[in-house]
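Just so you know, these numbers come straight off a predicted model, no measurement behind them. So you know, we letter chains A, B, ... as the sequences are listed, proteins then strands, and number each from 1.
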There are 2 protein chains.
Amino acid sequence: MNDKILELESFLPYRLYRLADLVSREFAAVYKDRLGLTRPEWRVLAGLGQHGSLTAKTLGEQSAMHKTKVSRAVAELERRRWLSRTPDENDRRIEHLTLTKAGLAAYGEMVPLAKAFERRLSQAMGAARLAEFDYGLERLEEFMREGEE
Amino acid sequence: MNDKILELESFLPYRLYRLADLVSREFAAVYKDRLGLTRPEWRVLAGLGQHGSLTAKTLGEQSAMHKTKVSRAVAELERRRWLSRTPDENDRRIEHLTLTKAGLAAYGEMVPLAKAFERRLSQAMGAARLAEFDYGLERLEEFMREGEE
DNA sequence: AATCGATGGTTACAGATGAAACAAATACGG
DNA sequence: CCGTATTTGTTTCATCTGTAACCATCGATT
């Protein structure tokens, strides 16, 4: 092993990033073509579809997005009337975000597409392999989160 | 399994992207603090450090970057005099890019840091787990590349 | 209840990004 | 050769991004 040289193509951070980028772009094509959404917008839709109602802050945590991304994505979905804001009764800084009928319809359209996409990915590995891979992801996530706070 | 709902936190594309983003940011802090590089610049440095001399095109393929990113990163590293361009004798569209002394020094400084970073990641999983994980990455990469061309 | 720090969220700004248009050179079919 | 298509690389432009500044509100302390 030459330790003066780094093999980029087997460097874990690079491989991870490249794969994630590739996968993410491919999937982005789905919701972009279909619904004209950006990634932050898709994540907001996904977050609210899954949880029913969230504040901007919780939404950001739940979907790992910077608050400015959340703010802008929410504004856009509101403009389309795919979500609505309900002021909190006790804390006027907060608004509860909920999908409208139209938003739910869009979400309902995306869910099977997302699942189909994921299924294709999973099939690229076997089910057993996938479990191992998932576990690896988990360990890494956990490791990264430790170093944080 | 409710098939009307997608669990974002276990959705593979999302998990991959989130982890890659986290890891990438953390590592970016290293080369940013240390050398003031952006990610594209770091990749150019890494590509040339590893391969000695490349054209912009090859560099782009080798490091999975859009040609405009390559173009700009190369321009910046040239401005710093970390790399130099040598015109190709047979094809005047092409320039061969090589690191200067200063560029090599920076690369030499980064390699052990990169390896240390990767080692810490690897240790988050066992060695056996890592092999499985690597294999999973490979399968996914391959699968994604198939769908391409 | 007045003050002061923390919190939820938006906005302004500066930098990074990719699609598309571009320039310069080469390849290739007639 | 000539003209056209292709390749390499840069630039332009419109969009996306995060940092930092900001505003309004809340909570705790006095």
Should B:Q50 and A:L6 count as side-chain neighbours, where that means a heavy-atom distance under 4.5 Å?
no

Examine B:R139 relative to A:F133 and say whether NZ or CZ is less than 6.0 Å from the centre of the six-membered ring and inside a 45° cone about the ring axis.
no

Looking only at side chains, do A:Y17 and B:R39 share a donor and an acceptor under 3.5 Å apart?
yes

Nearest-Å distance for atom pair CE/P, residues A:M65 and D:dT19
15 Å

Aromatic plane relationship, A:W42 with A:Y31 - under 30° parallel, 30 to 60° tilted, over 60° perpendicular:
parallel

Could you tell me whether A:D88 contacts a base, only the sugar-phosphate backbone, or nothing, with contacts defined as non-hydrogen atoms closer than 4.0 Å?
nothing

Integer-rounded Å distance: C:dT7 P and A:E61 CD
12 Å

In the structure I gave you, are the side-chain heavy atoms of B:E95 and B:V74 within less than 4.5 Å of one another anywhere?
no

Give the rounded distance in Å between these two atoms: NE2 of A:H96 and C1' of C:dG8.
12 Å

Going by side-chain hydrogen bond (donor to acceptor under 3.5 Å, both in side chains), B:H96 matches just one of B:T58, B:T86, B:D88. Which one?
B:D88

What is the per-nucleotide protein-contact pattern of nucleotides 6-18 of chain D, from the 5' end, where B denotes a base atom under 4.0 Å from a protein heavy atom, S denotes such proximity for sugar-phosphate atoms only, and - denotes neither?
-BSBBBB---SBB

Rounded to the nearest angstrom, tell me the gap between atom CG in A:N90 and atom C1' in D:dA24.
17 Å

